[in-house]
Visitor: 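Quick one: the structure is below, and I'll ask about it shortly.
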Protein chains: 2
Amino acid sequence: MEMPTAENPVVVHNGDCLDLLRRLPDGCVDAVITDPPYSSGGFTRSDKAAPVAEKYQQNGTERQYAGFSGDNRDSRSWSYWCCLWLSECQRIAKPGGYCLLFTDWRQLPATTDAIQGGGWIWRGLVPWDKGLAARAPHKGYFRHQCEYVVWGTNGACDVPPNDDPRGGPWAGCFQVPVVQSDKHHLTGKPTELMRQLVKVVPLGGVVLDPFAGSGTTGAAAVIEGRRAILIEKEPVYVDVTRRRIAKASGAGSLFAGATN
Amino acid sequence: MEMPTAENPVVVHNGDCLDLLRRLPDGCVDAVITDPPYSSGGFTRSDKAAPVAEKYQQNGTERQYAGFSGDNRDSRSWSYWCCLWLSECQRIAKPGGYCLLFTDWRQLPATTDAIQGGGWIWRGLVPWDKGLAARAPHKGYFRHQCEYVVWGTNGACDVPPNDDPRGGPWAGCFQVPVVQSDKHHLTGKPTELMRQLVKVVPLGGVVLDPFAGSGTTGAAAVIEGRRAILIEKEPVYVDVTRRRIAKASGAGSLFAGATN
DNA sequence: TGTAGGTATGAATCCGACT
DNA sequence: AAGTCGGATTCATACCTAC
C-alpha cells in the first residue's frame, strides 16, 4: 500500500477499514487517532437502522451532511467489531505508540473495554468540552457538552525516564468550541482540537485514522508537520478529504506554526 | 433515625454506611451525592492493602491527613459492594430523585456499571476539571486533571414536560480549581463545586451523603439552603464535619446567596 | 470596520399516538 | 407488544445581516 512521504504527507484510502488495515505492514505508524461510529443513537433495532441525520440532527435543521455508515451495531456487536479493528491497529502501531479514540458519555465504558480488548494499555481519559452551546438543554439535566478521548499505548515506552524522547505532558481537558465553518461532516471535530492531538507523535511521525470522515485528522497532521494514513468508506468524504488536504498543504504559512 | 429539619438542617451519623442506610425510611431524600472510596490507587492486592496516605500522597508531601477506610477492595468486590449500598440508596431516594457519584478515570466504567446495578437510570457524565495545578506532569502523558461525576435518576420524572418543576439545565463540565485551605480530607472536594451540585435538589430539599468524609456536601447544602443526612465511619472526620457545619450554619450571610 | 439584533444549530430527550 | 414512530421542546453561542 502507498505510504505517506515528506513530499506527500497524507495518503487517503477509500474502502472498508478492516479490509484495508490488514494490508498495512507491522509497526508502520506512531499513533492511531480516530473517531469511530459510536452506534449510541437509539435503543431499538429500527432506531439504530435509521439514517444518521435522523438520529443525530434535530428536526428543522437546514444544514445537510451526507450520511455515514457503520453506526447501526448493537452493543455486543459494536464491542466485538471494535476489538477486531483495534487489534489490527495495534499490530500496525510501533511499540510504545499511541491510540486515541473519541467516544460519547454513553459509549465510554464500552470504549475503555474495547481499547483493552484490542491489546492496548488503557492510560487515561481526556474530556473535550464543547462549551455551553453544545446541546439542547433539558430541565433536570446536566448538559451533555463533552465528548471524550480514551487513550492508551501499545505496551510501555522502553526508554529511561531521564531521556524520554516523548513530548508532553499534554492538557488533560480540552476547551474547544465547535465552529460551523470548520465542520464538514455531521460528527466533524474542530481542526484546532485535532492539531493538539496529533502532537502525540513527533514531527514527521505518522498518524493512522481508519474512520477519517471529512479528514480533519489528516488536515491537522499536515498543518502540524506530521504525516497521516487515512481510511474512509464513503467516496463522497474521500473527495472532501482530498480537497481539504490539498488546501492545508498549500497553506505554507501554517507550517511555520508546527511544533513538537 | 434523626432527620434534618429547617432549624437543624444537617444530621451527621457515625457508623457503617450499609448498616445506617438500612435504618433510613423509604423515599426520604431528594438526592444522593457522594464520593465513595475509589479503590483505584493500586493494581495488586498488596498495593491496595497499603495505608491510604502511602497510596495517594507523594513522597515529601507536607500535609498529612488521617487515614480513611473502605479503600482496599479488589475490583469485583468493589462493584458488588457498590451495588449493595446503591440499591439501598435507591430505596431511600424519592421517585425521580438524583444520584451523583464521584469517580476517577480508572474506576469510571465500574462506576457506571455500579449505578445501574444499584437500580438507578444512568443519565450522564460530568467532568470536574481541576486545572493544570492538579498533578505532577509526566512526559508522554495527557494530564490526569479531571475527576468525573456519574449521575442518574431513580426512574423517570413523571410530570408533563411543560410544567417540569426541576431546575437546570446545569453545566456539563465544572472548572473548579482545588484550594488547599478548603481541603479537610485527602480526597476532599472544593465547597464551590459541591455548592453547584447540591442545586439538583430544590430549596429545602434533602441530600444524602453516605461517605461524608470531612462533610463538604453538608456544608454546601447548608450554604445553599438545602438539608443533608451525612454518614461517616471515621470518628475523627465526624468531629471535623460537625465543626464545619456549625461554622457554615453560623455564617448567616451566606444563606442570602442561596438560589434554586 | 464596528456594533446591534435576528436566526440557525445541536453524536438529544421526552411523551403521546400508533401499529 | 419488557414495540415503534414522530413531533415538540430547549437556549447559549456562532453566524449572518443590516445599519
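Chain A is the first sequence line, chain B the second, and so forth, proteins listed ahead of strands; every chain is numbered from 1.
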Visitor: What is the separation between atom NZ on K139(A) and atom P on dC11(D), rounded to the nearest whole Å?
Guide: 9 Å

Visitor: Tell me whether the ring of Y38(A) lies stacked over the dA11(C) base, given a 5.5 Å limit on centroids and a 30° limit on the plane angle.
Guide: yes

Visitor: Scan for side chain to side chain donor-acceptor pair (under 3.5 Å) pairs involving residues 115-127 of chain B, sequence neighbours excluded, and state none if there are none.
Guide: Y141(A)-R123(B), R123(B)-T153(B)

Visitor: Distance-only, no hydrogens or angles: does the K130(B) side chain make a donor-acceptor pair with backbone N or O of Q175(B) under 3.5 Å?
Guide: no

Visitor: For a quick check of understanding: with a heavy-atom distance under 4.0 Å over all strands, which category does P169(B) fall into, base, sugar-phosphate or nothing?
Guide: nothing

Visitor: Sticking with atom P, work out how far dC11(D) lies from dG7(D), rounded to a whole angstrom.
Guide: 22 Å

Visitor: Quick one: list whatever passes ring pair (Phe, Tyr, Trp, His ring centres under 6.0 Å) with Y148(A), sequence neighbours left out.
Guide: none

Visitor: Between protein and nucleotides 14-18 of chain D, what N or O pairs are separated by less than 3.5 Å?
Guide:
from    : atom 1 : to      : atom 2 : distance (Å)
dC15(D) : OP1    : Q180(A) : N      : 3.2

Visitor: Could you work out, with side chain to side chain contact (heavy atoms under 4.5 Å, CB included) as the rule, every residue matching L132(A), not counting sequence neighbours?
Guide: R143(A), Q145(A)

Visitor: Would you say dT13(C) has OP1 or OP2 under 4.0 Å from some side-chain N or O of R106(A)?
Guide: yes

Visitor: For Q196(B), which residues count as a side chain to side chain donor-acceptor pair (under 3.5 Å) partner, sequence neighbours excluded?
Guide: E192(B)

Visitor: Taking both distances under 3.5 Å as the test for a Watson-Crick or G-U pair, what stems of at least three pairs does DNA chain C have?
Guide: C:2-10 with D:11-19, C:12-18 with D:3-9

Visitor: Can you tell me the distance, in whole Å, between the CG atom of D129(A) and the C1' atom of dT13(D)?
Guide: 13 Å

Visitor: Nearest whole angstrom, please: distance from the P of dA12(C) to the OH of Y56(A).
Guide: 7 Å

Visitor: Between G131(A) and E54(A), who's closer to the 5' end of DNA chain D by nearest nucleotide?
Guide: E54(A)

Visitor: Which sits closer to the 5' end of DNA chain C, D104(A) or C157(B), going by the nucleotide each is nearest to?
Guide: D104(A)

Visitor: Taking atom C1' in both dA1(D) and dC5(D), what distance in whole Å separates the two?
Guide: 14 Å

Visitor: Measuring from the side chain of W105(A) (C-beta onward, heavy atoms only), which nucleotide among dT13(C), dC14(C), dG10(C) has the closest atom?
Guide: dT13(C)

Visitor: For Q57(A), which contact category applies under a 4.0 Å heavy-atom criterion: base, sugar-phosphate, or nothing?
Guide: sugar-phosphate

Visitor: Would you mind reading off the distance between W170(B) atom CH2 and dT10(D) atom C1', rounded to a whole angstrom?
Guide: 14 Å

Visitor: Is the backbone N or O of F174(A) less than 3.5 Å from a side-chain atom of D129(A), with the two atoms forming a donor-acceptor pair by type?
Guide: no

Visitor: Please tell me whether W128(B) and F142(A) form a close aromatic pair, meaning their ring centres lie under 6.0 Å apart.
Guide: no

Visitor: Sequence neighbours left out, what pairs pass ring pair (Phe, Tyr, Trp, His ring centres under 6.0 Å) with at least one residue falling in residues 207-249 of chain A?
Guide: W81(A)-F211(A), W85(A)-F211(A), H185(A)-Y237(A)

Visitor: If you measure from the P atom in dA11(C) to the same atom in dG6(D), how many Å do you get, rounded?
Guide: 22 Å

Visitor: Has K130(A) got a side-chain N or O lying under 4.0 Å from the OP1 or OP2 atom of dA11(C)?
Guide: yes

Visitor: In whole angstrom, what separates H185(A)'s NE2 from dT9(C)'s P?
Guide: 18 Å

Visitor: Taking atom P of dA11(C) as reference, at what distance in whole Å does atom CG of L193(A) sit?
Guide: 13 Å

Visitor: The criterion is side chain to side chain contact (heavy atoms under 4.5 Å, CB included); which residues satisfy it with T241(A), sequence neighbours excluded?
Guide: V12(A), L230(A), I245(A)

Visitor: Are H144(A) and dT13(C) close enough that a side-chain N or O sits under 4.0 Å from OP1 or OP2?
Guide: yes

Visitor: Does S69(A) have any side chain to side chain contact (heavy atoms under 4.5 Å, CB included) partners at least two apart in sequence or in another chain, and if so, which?
Guide: K233(A), E234(A)

Visitor: Without decimals, in angstroms, what is the distance between Q107(A) CD and dA12(C) P?
Guide: 11 Å

Visitor: Has R227(A) got a side-chain atom pairing as donor or acceptor with G218(A)'s backbone, closer than 3.5 angstrom?
Guide: no

Visitor: Tell me whether the OP1 or OP2 atom of dT7(C) has a side-chain N or O from R63(A) closer than 4.0 Å.
Guide: no

Visitor: Please check the phosphate of dC14(C) (OP1 and OP2 only) for any side-chain N or O of Y141(A) closer than 4.0 Å.
Guide: yes

Visitor: H138(A) NE2 to dC11(D) P: how many Å, rounded?
Guide: 10 Å

Visitor: Taking the side chain of K183(A) as heavy atoms from C-beta outward, which of dT13(C), dT13(D), dG10(C) is closest to it?
Guide: dG10(C)

